[in-house]
Q: 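Sharing a structure here in structure tokens format.
Bear in mind that the values here come from a model prediction, so they are computed numbers and not experimental data. Each chain gets a letter, A, B and so on, in the order its sequence line appears, and its residues count up from 1.
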There are 2 protein chains.
Amino acid sequence: MQEDRATQALAALSQPTRLAVFRLLVREGPAGLPAGEVARKLGVQPATLSFHLAQLERAGLLVSKRQSRQILYAADFAAMRGLVGFLLDDCCHGRPEICDGLTAGAGKNKARRAEETA
Amino acid sequence: MQEDRATQALAALSQPTRLAVFRLLVREGPAGLPAGEVARKLGVQPATLSFHLAQLERAGLLVSKRQSRQILYAADFAAMRGLVGFLLDDCCHGRPEICDGLTAGAGKNKARRAEETA
DNA sequence: TTGATATTTCAACGATTATCAAAATATGGA
DNA sequence: TCCATATTTTGATAATCGTTGAAATATCAA
């Protein structure tokens, strides 16, 4: 991940609707959701959502795949990994105790959710 | 971390100069740097940098402390932790194998970079 | 083909943003 | 006090952004 790629990704995420879209698709997993369902779930007009989906895809955070009449959008987890890594690169000049736990919150509800569905 | 706080933080990071400032201060660690030195290191005019530092601080990503004539700015690592956690919250509905590696080894990115280019 | 569904593109508007020069504020030292 | 240093604030300008309705494109089914 290079600086301008990271800036693009962050700019894409720095808007409430797009942030909600991305987090929804992160939660949804690699299968993704059709654009229309994202619009319905978030209460956004199709034209507006299309604009935001395009921005997120252009920023490399989403991938899309047409399936019949619908277009499925899914989060690009590799890109997410790259972005987080870029932000924390060379964190604290090799003093890991300062950064430890920086990412401990990721998927913090995994355990609870696993219990619920068990 | 709530949605509008996260949006603010991402908006603050979504600008090349501010992203460079933040990453510089992440590398620098909790001691931080005086505004003037940040400006010199990044080749940004003091007035412009002051504007960006204020935005980053208002977004909760930096903390500042006056020390004699200088004002020291440092990354707020707790905020960073919160932001990353928010982005990855409920990642993949409890299927951790999808998100695995998303956050592993912050600050030890030489290995990850090797993976990326592989 | 015709019609219905799903999504995108277009055009236009108001709002926000980054940048710089110049002036203002705050601190420390002579 | 007066002066130099460090940083911020102000005012102005040009560029970008988010939203919407309307029109366009793509797909499927009858």
Side-chain angles (χ1 to χ4, degrees), chain A residues 3-25 28 31-76, chain B residues 3-25 28 31-76:
Chain A
E3 183 150 336
D4 63 328
R5 276 312 269 164
T7 303
Q8 272 189 289
L10 290 163
L13 292 173
S14 74
Q15 201 277 331
T17 302
R18 285 197 296 265
L19 181 56
V21 168
F22 183 72
R23 295 215 317 145
L24 172 61
L25 293 176
E28 200 63 29
L33 286 176
E37 192 165 341
V38 175
R40 236 173 293 120
K41 287 202 179 201
L42 299 180
V44 180
Q45 295 212 343
T48 299
L49 182 74
S50 182
F51 169 76
H52 289 308
L53 286 171
Q55 298 237 0
L56 284 164
E57 188 173 20
R58 213 167 134 275
L61 291 165
L62 300 185
V63 293
S64 69
K65 187 177 75 169
R66 178 176 281 274
Q67 180 179 290
S68 160
R69 272 188 280 202
Q70 309 184 337
I71 297 181
L72 299 176
Y73 284 88
D76 184 328
Chain B
E3 183 151 334
D4 63 327
R5 275 313 268 165
T7 305
Q8 272 190 289
L10 290 163
L13 292 173
S14 73
Q15 201 277 332
T17 302
R18 286 197 295 266
L19 181 56
V21 168
F22 183 73
R23 296 215 317 146
L24 172 61
L25 293 176
E28 200 62 28
L33 287 176
E37 192 165 343
V38 175
R40 234 173 294 120
K41 287 201 178 199
L42 300 180
V44 181
Q45 294 210 344
T48 298
L49 181 73
S50 181
F51 169 77
H52 290 307
L53 286 172
Q55 299 238 3
L56 285 164
E57 188 174 20
R58 213 167 131 273
L61 291 165
L62 299 185
V63 293
S64 69
K65 188 176 77 168
R66 180 177 279 276
Q67 181 179 289
S68 162
R69 272 188 282 201
Q70 308 184 334
I71 297 182
L72 299 177
Y73 283 87
D76 184 328

Q: Got a donor-acceptor contact below 3.5 angstrom from the B:Gln67 side chain to the B:Gln70 backbone?
A: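 The answer is no, because no donor-acceptor pair under 3.5 Å joins these two groups.
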
Q: At under 4.0 Å between heavy atoms, how does the protein contact nucleotides 24-30 of chain D? Give one character per nucleotide, 5' to 3', with B, S or -.
A: --SBB--

Q: Could you check whether any side-chain N or O of A:Gln15 sits under 3.5 Å from a backbone N or O of A:Thr17, counting only pairs where one atom can act as donor and the other as acceptor?
A: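 Pair found, side chain donor or acceptor close to backbone of A:Thr17.
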
Q: In whole angstrom, give the distance that lies between atom CG of A:Leu72 and atom P of C:dA6.
A: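 The distance from CG of A:Leu72 to P of C:dA6 comes to 13 Å, rounded to the nearest Å.
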
Q: Figure out the CZ/P separation between A:Arg40 and C:dT5, and round it to whole Å.
A: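 Nearest whole value for this atom pair: 12 Å.
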
Q: side-chain hydrogen bond (donor to acceptor under 3.5 Å, both in side chains), that's the test. Do A:Gln55 and A:Arg58 meet it? Break it down for me.
A: CA-CA 5 Å; A:Gln55 298 237 0; A:Arg58 213 167 134 275; 5.8 Å; no

Q: Return yes if some donor-acceptor pair links the side-chain N/O of B:Ser50 with the main-chain N/O of B:Ala47 below 3.5 Å, else return no.
A: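 No: the side chain of B:Ser50 does not pair with the backbone of B:Ala47.
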
Q: Report, as a single string ordered 5' to 3', how protein heavy atoms within less than 4.0 Å touch nucleotides 8-20 of chain D: B base, S sugar-phosphate only, - not at all.
A: BB--------SBB

Q: Are the side chains of A:Asp76 and A:Leu62 in touch, meaning some heavy atoms are under 4.5 Å apart?
A: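 Not in contact.
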
Q: Test your reading of the model: is there a side-chain donor-acceptor pair from B:Arg66 to the backbone of B:Ser68, 3.5 Å cut-off?
A: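 Confirmed, B:Arg66 side chain pairs with B:Ser68 backbone.
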
Q: Report yes if the side chains of B:Val63 and B:Tyr73 come closer than 4.5 Å at any heavy-atom pair, otherwise no.
A: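 No, their side chains stay 4.5 Å or more apart.
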
Q: Given atom NZ of A:Lys65 and atom C1' of C:dT8, what is their separation to the nearest angstrom?
A: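 Answer to the nearest Å: 20 Å.
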
Q: Considering only heavy atoms from C-beta outward, does the side chain of B:Leu13 approach that of A:Leu13 to under 4.5 Å?
A: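 Not in contact.
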
